Amino acid sequence: MRISQLFYQTLKEVPRDAQIPSHQLMFRAGMIQQLASGIYNYLPLARKSLNKLEAIIREELEKKGCQEVLLPMVQPSELWEESGRWGYYGPELLRLKDRKGNDFCLGPTHEEVVTDMVRRNLKSYKQLPWNLFQVQSKFRDEVRPRFGLMRGREFIMKDAYSFDVDEEASKVTYKKMYDAYTAIFNRCGLEFRAVDAATGNIGGDMSHEFQVLAKSGEDLILSCDKCDYAANVEKALTKRSEGKMDASALSANEKVHTPGSRTIEEVAEFLKLPANNFLKSIIYVIDEEPVLVLIQGDLEINESKLQTLMGANSVALADDKTVRDITGASTGFAGPVGLKKKLRIIADYSVSHGLNMVCGANEDDHHLLNVNYGRDYIADQISDISFAAAGDSCSLCEGTLEEHRGIEVGQVFFLGTKYSEAMKCTYLDKDGKEQLAVMGCYGIGVGRTMAAAIEQHHDDDGIIWPVAIAPYEVVVLPLQMNKEEVVQTGEDLYKKLKDAGIDVALDDREERAGFKFKDADLIGYPLQIVIGARSLENGELEVKIRKTGEKKNLPLGEIVSFVQEFIQNEKS
RNA sequence: CGGGGUAUAGCCUAGUGGCUAAGGCGCCUGCUUUGGGAGCAGGAAAUCGCAGGUUCGAGUCCUGCUACCCCGACCA
């Protein structure tokens with residue numbers, strides 16, 4: 001590519017709206033431009049990088065027997081009604097009507113469409129396994145798009161869906177995909193960890209996220225300092241279990257006046273008692289059923305664990321009216337003792353052994369002292385529904401959990417029969433008996449992976465591309481454009497490198513040296529080949545390695561082989 | 001959806017009710033310069049987010065709306 005012809009523009013100044021390095025740098029390097037909140041134009045440099053990333057993904061998936069398809073982005077509501085998700089997916093699903101008034105949505109994910117397609121074609125166990133993938137733009141009307149490509153509304157995703165005869169076969173597929181993802185992110189030159197993950201709305205009961213470690217990551221990951229255990233904080237377990245309290249020390253209930261003190265902090269301050277002495281009582285609406293959730297005052301309720309525990313599709317805080325109906329008091333004074341209406345109670349392990357705890361009295365401006373599990377109330381279920389935190393004990397060994405920030409670039413799910421059952425995706429087994437296909441689904445945020453690579457690999461001057469996904473592997477920089485010899489050497493070298501199959505750019509603009517250097521550093525070409533009049537007199541050129549800043553002079557004749565070798569080494 | 005903020009040329013900004021809306025980056029022309037975003041001279045480019053209002057006079061004050069950003073809630 002001749003840079004004089006490249007569709008892009010670099011900027012010295014950082015746009016105010018860009019907050020994190022990848023967004024700032026992609027914008028400054030002329031890779032992306034925002035069209036609307038969370039919706040971006042991808043310029044040639046970005047497209048080139050994405051193409052390489054997609055090529056790696058395709059190669060690794062095809063190695064595992066996956067086949068590429070392309071499914072529609074606009075999807076009829078009927079399929080979503082069939083899976084049940086039309087009802088509970090929420091406003092993140094962008095719904096539209098066609099001219100006839102029929103309901104459609106922009107695909108945020110494709111379980112419905114792919115399951116529908118497969119069931120039309122699936123007849124016999126002999127056809128399986130199938131693993132279909134696509135690379136496509138998804139649309140999710142995110143509540144708060146942010147950080148450039150990290151969390152857009154429209155974003156490029158690779159999604160794959162596997163269909164197997166039974167659970168055992170599906171788990172083999174799952175492992176294959178796990179391995180494929182490991183290979184993909186390794187080839188991209190990323191430092192990442194695969195962690196245990198929650199399954200959220202998509203369902204299923206086994207999932208791993210691939211998290212690129214970076215300071216700006218939105219996700220919190222906990223990992224053990226002794227063993228291999230690592231998990232998203234939404235899922236992370238720690239050594240907690242049901243305990244016994246000292247039954248000889250129970251005190252009598254006592255109602256106290258706590259005017260205006262709603263939060264644990266406020267009441268703790270008012271009563272001069274520590275937060276862990278409180279019983280946090282929160283009313284949730286879980287799949288339309290109100291549920292009282294109890295946890296020790298200094299811990300947070302992990303809604304993701306709660307959702308998994310209940311096998312629920314949705315978990316939301318109850319509104320004030322619901323709270324009043326149930327407790328007879330306004331929000332902030334709920335407790336498990338003396339409720340107006342009976343409802344299901346879910347408690348965290350932490351409350352089972354809490355002695356003489358304080359909770360809301362189900363009466364405005366009153367709390368109840370010395371509330372004890374077993375004597376004063378019982379829960380329908382006691383489980384681990386709290387967030388683990390750094391410093392907690394590992395659930396598997398004697399180690400301690402430590403925390404990292406991560407960018408979720410990929411996730412693999414074992415789905416089971418959630419969708420094949422809802423949508424009757426079946427086949428006939430050896431005995432002629434109808435069986436449900438067992439599914440898995442596997443996503444990679446392609447644009448997000450590109451952004452994550454930049455988050456992990458940049459410096460004050462710009463991007464430092466891993467060679468495998470660099471828009472161009474090398475740039476040739478003729479410095480003195482008024483010197484025929486310099487220009488000609490650049491042209492010749494450019495041609496030679498291209499002929500050698502190297503992805504090369506030639507900065508043939510009439511610009512000064514400093515300008516070209518700054519641009520090259522910003523765009524982040526892994527190698528810069530500098531053609532200057534001075535060194536050319538000795539028949540040498542200067543090669544700069546972006547990653548290390550190292551510069552070396554090489555004879556003209558050795559440049560191509562040096563570049564080839566460098567690329568080879570970096571990619572492996 | 002709650003809280004906060006911003007909106008002036010492609011980008012970053014100045015503009016305190018008063019003359020023709022100012023500067024930097026970038027862009028065009030010419031000269032000069034040629035190893036880390038050069039210099040000089042000239043030039044193009046703005047419906048001051050939109051709609052109302054107050055005023056002799058509004059980029060500036062008021063009201064409403066919209067868009068965008070940040071924090072939170074939310075997030076296969």
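In the text below, chain A, chain B and the rest are named by the order of the sequence lines, each starting its count at 1. Bear in mind that the values here come from a model prediction, so they are computed numbers and not experimental data.
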Nearest to the side chain of Ser37(A), which nucleotide is it out of G37(B), C70(B), C68(B)?
C68(B)

Arg16(A) side chain: which of U13(B), C75(B), C69(B) is closest?
U13(B)

Going by purine N1 to pyrimidine N3 plus the second Watson-Crick contact, or the G-U wobble pair, all under 3.5 Å, which nucleotide sits opposite [N]?
{"N": "C1(B)", "value": "G72(B)"}
{"N": "C27(B)", "value": "G43(B)"}
{"N": "G35(B)", "value": "none"}
{"N": "A67(B)", "value": "U6(B)"}
{"N": "G17(B)", "value": "none"}

Aromatic contact between Tyr178(A) and Phe210(A), with the criterion being ring centroids under 6.0 Å apart: yes or no?
yes

Taking the ring centre of each residue, are Tyr174(A) and Phe414(A) less than 6.0 Å apart?
no

Looking for any heavy atom pair under 4.0 Å, which part of the strands does [X] touch: base, sugar-phosphate only, or nothing?
{"X": "Arg144(A)", "value": "base"}
{"X": "Leu522(A)", "value": "base"}
{"X": "Pro15(A)", "value": "sugar-phosphate"}
{"X": "Glu303(A)", "value": "sugar-phosphate"}
{"X": "Asp159(A)", "value": "nothing"}

Salt bridge (Lys or Arg N to Asp or Glu O under 4.0 Å) assessment of Glu60(A) paired with Lys158(A):
CA-CA 12 Å; Glu60(A) 294 299 329; Lys158(A) 185 289 300 172; over 6 Å; no

Step by step, work out the ring-ring contact (aromatic ring centres under 6.0 Å, His included) result for Trp80(A) and Tyr89(A).
CA-CA 9 Å; Trp80(A) 286 76; Tyr89(A) 205 98; 5.6 Å; yes

According to the interplanar angle, ranging from 0 to 90°, do the rings of Tyr40(A) and His23(A) count as parallel (below 30°), tilted (30 to 60°) or perpendicular (above 60°)?
perpendicular

Quick one: [X] [atom1] to [N] [atom2], roughly how many Å, whole number?
{"X": "Lys138(A)", "N": "C75(B)", "atom1": "NZ", "atom2": "C1'", "result": "16 Å"}
{"X": "Asp141(A)", "N": "C75(B)", "atom1": "CG", "atom2": "P", "result": "14 Å"}
{"X": "Tyr8(A)", "N": "C11(B)", "atom1": "OH", "atom2": "P", "result": "18 Å"}
{"X": "Asp459(A)", "N": "G36(B)", "atom1": "CG", "atom2": "P", "result": "18 Å"}
{"X": "Phe27(A)", "N": "C68(B)", "atom1": "CZ", "atom2": "C1'", "result": "13 Å"}
{"X": "Ile523(A)", "N": "G37(B)", "atom1": "CD1", "atom2": "P", "result": "17 Å"}
{"X": "Leu220(A)", "N": "G72(B)", "atom1": "CG", "atom2": "P", "result": "13 Å"}
{"X": "Phe147(A)", "N": "G72(B)", "atom1": "CZ", "atom2": "C1'", "result": "13 Å"}

Separation of the [atom1] atoms in [N] and [M], to the nearest angstrom:
{"N": "G49(B)", "M": "G10(B)", "atom1": "P", "result": "13 Å"}
{"N": "G23(B)", "M": "G35(B)", "atom1": "P", "result": "32 Å"}
{"N": "A21(B)", "M": "U6(B)", "atom1": "P", "result": "25 Å"}
{"N": "C40(B)", "M": "G26(B)", "atom1": "P", "result": "13 Å"}
{"N": "U8(B)", "M": "A41(B)", "atom1": "P", "result": "29 Å"}
{"N": "C19(B)", "M": "C48(B)", "atom1": "P", "result": "16 Å"}
{"N": "C27(B)", "M": "G37(B)", "atom1": "P", "result": "16 Å"}
{"N": "A22(B)", "M": "U16(B)", "atom1": "C1'", "result": "15 Å"}

Taking only residues two or more places apart in sequence or in another chain, which ones pass side chain to side chain contact (heavy atoms under 4.5 Å, CB included) with Glu288(A)?
none

Val438(A) side chain reached by Phe163(A) side chain, heavy atoms, under 4.5 Å:
no

With salt bridge (Lys or Arg N to Asp or Glu O under 4.0 Å) as the test, pick out the partner of Glu550(A) among Lys552(A), Lys547(A), Arg546(A).
Lys552(A)

Of Glu455(A), His458(A), His457(A), the residue whose pairing with Ser22(A) passes side chain to side chain donor-acceptor pair (under 3.5 Å):
Glu455(A)

Between Asp17(A) and Glu92(A), whichever has its closest RNA chain B nucleotide further toward 5' is Asp17(A)

Please tell me which of Glu142(A) and Lys516(A) maps to the more 5' nucleotide of RNA chain B, matching each residue to the nucleotide holding its nearest heavy atom.
Lys516(A)

Any side-chain N or O of Gln528(A) less than 4.0 Å from the OP1 or OP2 oxygen of G36(B)?
no

B/S/- along nucleotides 22-35 of chain B (protein heavy atoms under 4.0 Å) is --BSS------BBB

What's the verdict on ring-ring contact (aromatic ring centres under 6.0 Å, His included) for Tyr161(A) and His110(A), showing C-alpha distance, side-chain angles and the deciding distance?
CA-CA 9 Å; Tyr161(A) 306 89; His110(A) 281 69; 7.2 Å; no

